[in-house]
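One-based numbering, in listed order, for ligands and for the atoms of each.
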Amino acid sequence: MKRRIFIERSALAALGTSMAEVVFAARIPEGYLPLFLQDQDPFKLFGKDKEMTVLNRRPWNIEAKAHLLDDAVTPSKFMFVRNNGLIPQELDADSWTLTIDGESAQQKKVYSLDDLKTKFKQYSYRLTLECGGNGRSEFNPPAKGNQWTVGAVSCAEWTGVRLRDVLEDCGIKTDAVYVAYYAADLHLSGDQNRDAISRGVPIAKAMQDETLLALKMNGNDIPKVHGYPLRMVAGGWPASASGKWVERISIRNKVHDGAKMTGSSYRVPCDPVAPGAKVKDEDMCIIESMPVKSLITYPRSGAILEDRKLGIRGHAWAGESEVAKVQYSIDFGSSWQSCKLEKPVNRLAWQQFSASINFPKKGYYEVWAKATDDKGVTQPMVLPGWNPKGYLNNACHRIAVKVT
Ligand SMILES: Nc1nc2c(c(=O)[nH]1)N[C@H]1C(S)=C(S)[C@@H](COP(=O)(O)O)O[C@H]1N2
Ligand SMILES: [Mo]
């Protein structure tokens with residue numbers, strides 16, 4: 001049996017086919033994965049660690065587990081993957097161009113990647129990117145979409161030019177409102193005329209020092225799946241604002257209306273609603289800065305300890321704000337102790353926390369962590385405001401340990 005599958009699979013691999021060759025691509029039922037794609041090993045394909053969790057294969061969506069995110073700078077192998085469409089097949093950096101246009105651009109300009117590298121100063125920042133849907137799996141009634149648990153967050157070091165410098169090189173009209181990206185990935189339907197996603201940020205966010213057009217990630221070429229050869233990176237905001245495979249940036253004179261900007265995409269009710277409520281599109285507001293949150297990355301949940309002493313560590317982040325304190329509890333939130341908290345290496349980078357716990361006796365414990373930002377806003381202990389698409393779950397992270 002096994003052998004037969006193997007033979008069939010290698011026969012499929014021998015087809016060497018790609019989505020572009022699927023004649024009736026537009027007729028593939030939603031959620032159906034063509035046989036030639038069922039064969040792909042995502043871990044090899046994207047250089048991901050075997051412990052990563054594949055949530056969806058078409059489009060590819062892969063998340064980390066908390067303990068895999070222990071590094072201050074997330075290596076590519078532990079970085080979550082969130083795709084709305086199909087990864088572009090041809091990515092040629094030499095012929096790649098970036099067009100800047102839009103109603104509020106004083107002129108349209110086209111840059112090669114070489115232009116970006118040679119005409120503008122390069123900057124590096126560590127930037128926290130969290131999917132707006134991270135934590136979705138906990139909402140009830142459940143929300144459709146990838147059932148992210150805790151691992152759709154990363155903080156890599158991005159290097160490139162400031163988006164602002166490029167926009168200013170073209171000239172920004174005074175009526176500019178939004179800066180939108182258009183990218184090279186293909187809509188799931190295979191329709192060339194539809195964007196998989198085209199989002200952006202208000203002009204003020206686009207003009208921040210840390211908002212980049214990145215050419216490198218962690219000192220190397222950006223991995224294909226993460227946006228090679230050019231990516232917009234807007235840290236601290238839902239990562240959907242950070243367009244991968246960017247070909248065009250439009251300076252808009254109105255709030256951008258591209259794919260996944262409108263309706264209920266990346267939006268939450270402007271005012272809280274009861275769980276399960278139906279919310280009209282006009283009552284949904286675009287998510288901007290992400291809320292305060294933290295993640296315990298060591299030890300992994302389920303650890304069995306031989307010692308009553310335990311060092312814990314993790315990261316905390318707070319969108320546009322800085323994290324001011326992180327606390328932990330070992331008694332289900334009855335009492336809280338403070339953790340040691342590092343300053344961010346730069347704005348919009350997650351911050352490391354650590355603490356040394358002394359458990360009073362043998363037995364089962366939960367360690368809960370809770371961060372507070374510099375405006376005094378704290379993570380909720382229970383699920384925050386239910387919303388139709390299951391965004392912005394920043395409830396405190398918990399791990400289970402047993403002292404033996
Ligand atoms: N072109 C393009 N950019 C994109 C996406 C996409 O599907 N296509 N997904 C967005 C979403 S929803 C998220 S959460 C992040 C994920 O980035 P990553 O896959 O590099 O972790 O990319 C964003 N940028
Ligand atoms: Mo996302």
Side-chain angles (χ1 to χ4, degrees), residues 42 45-49 52-56 58-64 68-69 74-89 91 96 98 127-137 143-158 180-189 194-201 211-214 216-218 220-249 256 258-261 264-268 286-288 290 389-393:
L45 199 59
F46 305 127
K48 295 294 168 189
D49 188 90
M52 299 284 284
T53 310
V54 177
L55 298 181
N56 193 356
R58 189 172 188 274
W60 283 112
N61 285 286
I62 301 170
E63 79 167 332
L68 300 178
L69 292 170
T74 311
S76 174
K77 65 177 175 180
F78 297 139
M79 198 176 219
F80 77 99
V81 173
R82 163 61 172 135
N83 289 323
N84 290 267
L86 305 170
I87 300 170
Q89 297 286 322
L91 294 165
W96 196 270
L98 171 72
L127 298 166
T128 309
L129 290 183
E130 182 179 17
C131 180
N134 196 22
R136 173 178 294 141
S137 63
K144 278 197 210 132
N146 292 291
Q147 296 301 301
W148 305 107
T149 63
V150 295
V153 61
S154 67
C155 185
E157 185 185 77
W158 297 92
Y181 68 77
Y182 293 90
D185 45 345
L186 196 63
H187 191 271
L188 275 185
S189 65
R194 280 177 79 184
D195 290 319
I197 186 169
S198 168
R199 304 197 73 245
V201 291
T211 303
L212 296 180
L213 283 168
K216 283 177 175 285
M217 188 187 103
N218 295 344
N220 301 309
D221 282 346
I222 301 173
K224 268 190 183 171
V225 69
H226 295 298
Y228 177 85
L230 187 66
R231 178 170 197 174
M232 180 171 151
V233 189
W237 282 44
S240 52
S242 295
K244 307 193 268 191
W245 316 293
V246 168
E247 294 177 317
R248 180 155 73 97
I249 298 265
H256 182 48
K260 310 232 164 168
M261 277 303 296
S264 56
S265 294
Y266 303 102
R267 289 176 184 237
V268 289
I286 300 173
I287 301 168
E288 301 205 322
M290 292 293 286
K389 288 286 187 94
Y391 296 123
L392 304 184
N393 175 5

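The shortest heavy-atom contact between Met217 and Ile222 is N-CG1, 3.9 Å. Between Asp195 and Ala259 the shortest heavy-atom distance is O-CB, 3.6 Å.
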Can you produce the list of protein nitrogen or oxygen atoms under 3.5 Å from a nitrogen or oxygen of ligand 1, alongside each distance?
| from | atom 1 | to | atom 2 | distance (Å) |
| --- | --- | --- | --- | --- |
| ligand 1 | 1 (N) | Asp185 | OD1 | 3.1 |
| ligand 1 | 1 (N) | Asp185 | OD2 | 3.3 |
| ligand 1 | 1 (N) | Lys244 | O | 2.9 |
| ligand 1 | 3 (N) | Lys244 | N | 2.9 |
| ligand 1 | 7 (O) | Asn84 | N | 2.7 |
| ligand 1 | 7 (O) | Asn84 | ND2 | 2.9 |
| ligand 1 | 8 (N) | Asp185 | OD2 | 2.6 |
| ligand 1 | 9 (N) | Arg82 | O | 3.4 |
| ligand 1 | 9 (N) | Asn84 | ND2 | 3.2 |
| ligand 1 | 17 (O) | Arg231 | NH2 | 3.0 |
| ligand 1 | 19 (O) | Arg82 | N | 2.9 |
| ligand 1 | 19 (O) | Lys244 | NZ | 2.6 |
| ligand 1 | 20 (O) | His226 | ND1 | 2.7 |
| ligand 1 | 20 (O) | Arg231 | NH1 | 2.7 |
| ligand 1 | 21 (O) | Phe80 | O | 2.6 |
| ligand 1 | 22 (O) | Arg231 | NH2 | 3.2 |
| ligand 1 | 24 (N) | Ser242 | O | 2.9 |

Between Val246 and Leu98, is the side-chain contact (heavy atoms from CB on, under 4.5 Å) condition met? List the steps.
CA-CA 7 Å; Val246 168; Leu98 171 72; 3.8 Å; yes
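Residue Tyr181 forms a side-chain contact (heavy atoms from CB on, under 4.5 Å) with just one option from Arg231, Arg199, His256, Glu247, and that option is Arg199.
With hydrogens and angles ignored, the 3.5 Å screen pairs a side-chain donor or acceptor of Ser242 with a backbone N or O of Ala234.
For Lys389, the side chain to side chain donor-acceptor pair (under 3.5 Å) test picks out Ser264, with sequence neighbours left out.
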